[in-house]
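Below, each value reflects all heavy atoms present in this structure, side chains not excepted, and no hydrogens, waters or symmetry copies. Below, chain A is the first sequence line, B the second, and so on; all start at residue 1.
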Number of protein chains: 2
Amino acid sequence: MDSVDRLRAEWEREAPELDVAPIAVAGRITRIAALLDARAEAALADAGLTRGEFDVLCALRRAGRALRAAEVSTITAASPAAITKRADTLVRAGLVARGIPHRDRRGVLLELTAEGRAAVDRLMPEHLAREAAALGGLDPAEATALAALLSRVLVRVEGGGS
Amino acid sequence: MDSVDRLRAEWEREAPELDVAPIAVAGRITRIAALLDARAEAALADAGLTRGEFDVLCALRRAGRALRAAEVSTITAASPAAITKRADTLVRAGLVARGIPHRDRRGVLLELTAEGRAAVDRLMPEHLAREAAALGGLDPAEATALAALLSRVLVRVEGGGS
DNA sequence: AACCGATCGTTCACCGGTAAATGATTCGTG
DNA sequence: CACGAATCATTTACCGGTGAACGATCGGTT
């Protein structure tokens, strides 16, 4: 009996004609995500970073090379305007350097500084530990089963149109 | 092989010392939630509503009675200031009525109008259908298994302190 | 070689959210 | 019964995000 069970019960009491079955899964997913995001945001705020800024740093760290702003935009699913703002503050904080591509001088290259890379390597383990703590109640077999089921859902949500 | 698998592979390639196992579950949860939220927001925008405003309407519909603004604030996990703003536009749209409680005149009662109730009863089935479509790849047994695993995670995330 | 369309990053105006300050009202305590 | 503390909704100032308009640069066509 968690908060989503109570939610479902309220809907069934007030609107019995509604088929609220999807809430059992979808409601829990959005709820867990909201809570995880809130905690991550709070932890990053202690480090003086926004979630969006951290996403940019992670994208650059994962790529292992400088990325064009447009690439960061698509990877992080954020608008180009957001990338400009984030890059501004990250450059001001010394975590990212702006560069000019040799080929296409329309674009801007975003590159991790040594300090930026150090920030990711310091914050990412904490981030993963937070998530691991949230999943600590599951044994490895349950975790892989959960991941597999979620993957099925994700493929369908990502692939299918609206 | 979904987008989170690729994400994990990138992390392992660039930072092999990191234990990125939690991403398999947590990453998928946050990703699915982001996609579901984006679709819900887009659908509600067609009806002239914000996600936050729809949450207020749903809270009132589920309660089956008028609620104090503070109650709505805690139920929807939004700041009191946000509730004031949402109530302003909902009242202007004729979906919610403000009232004065008999007992405690500090507060404000928010109540669904007939039109507001109709809006929820029209939009909620679409919302649930959207979620059901996202989960359509799962048979009933898988769905209940997924819900049960998610509930375990949710209880831990909700209950345990940071 | 010169244009036209497309692409890229930035800027601007706005939107929805929060935190802190404010005013109104109630509650607890002397 | 009066007064300080607490509670409630609102207002204000700000923050991060988006979409549209804008200048700069590239690519394709003739």
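Listed by chain and residue number, B:D37, B:D55 satisfy the salt bridge (Lys or Arg N to Asp or Glu O under 4.0 Å) test with B:R51 (two or more places apart in sequence, or in another chain). By the salt bridge (Lys or Arg N to Asp or Glu O under 4.0 Å) test, A:R28 is found to be paired with A:D2, A:D5, residues two or more places apart in sequence or in another chain being considered.
Remark: B:R68, B:A69, B:A70 in residues 42-78 of chain B come within less than 4.0 Å of DNA chain D through at least one heavy atom.
Contact check on B:E14 versus A:R65 returns no salt bridge, with no Lys/Arg side-chain nitrogen under 4.0 Å from an Asp/Glu carboxylate oxygen.
With rounding to whole Å, B:E41 atom CD is found 14 Å from D:dG17 atom P. Atom CZ of B:R86 is separated from atom C1' of D:dT10 by 15 Å (rounded to the nearest Å). Whole-Å rounding puts the B:D88 CG to D:dA9 C1' distance at 11 Å.
Each of B:P80 and A:T89 was matched to the nucleotide of DNA chain D holding its nearest heavy atom; the match closer to the 5' end belongs to B:P80.
Residue pairs satisfying the salt bridge (charged side-chain N to carboxylate O under 4.0 Å, His left out) criterion with at least one member in residues 76-99 of chain A, sequence neighbours excluded, are listed as follows: A:D88-A:R98.
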Every protein N/O lying under 3.5 Å from an N/O of nucleotides 24-26 of chain D:
unit_1 : atom_1 : unit_2 : atom_2 : d
D:dC26 : OP1    : A:R105 : N      : 3.3

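The shortest side-chain heavy-atom distance between A:I29 and A:L150 falls under the 4.5 Å cut-off.
Nucleotides of DNA chain C that come within less than 4.0 Å of any heavy atom of chain B span, from the 5' end to the 3' end, C:dG16 to C:dT26.
The minimum heavy-atom distance linking B:A143 with A:V25 is given by the pair O-CG2, 3.7 Å.
For B:K85, counting side-chain heavy atoms from C-beta on, the closest listed nucleotide (D:dG19, D:dA9, D:dA13) is D:dA13.
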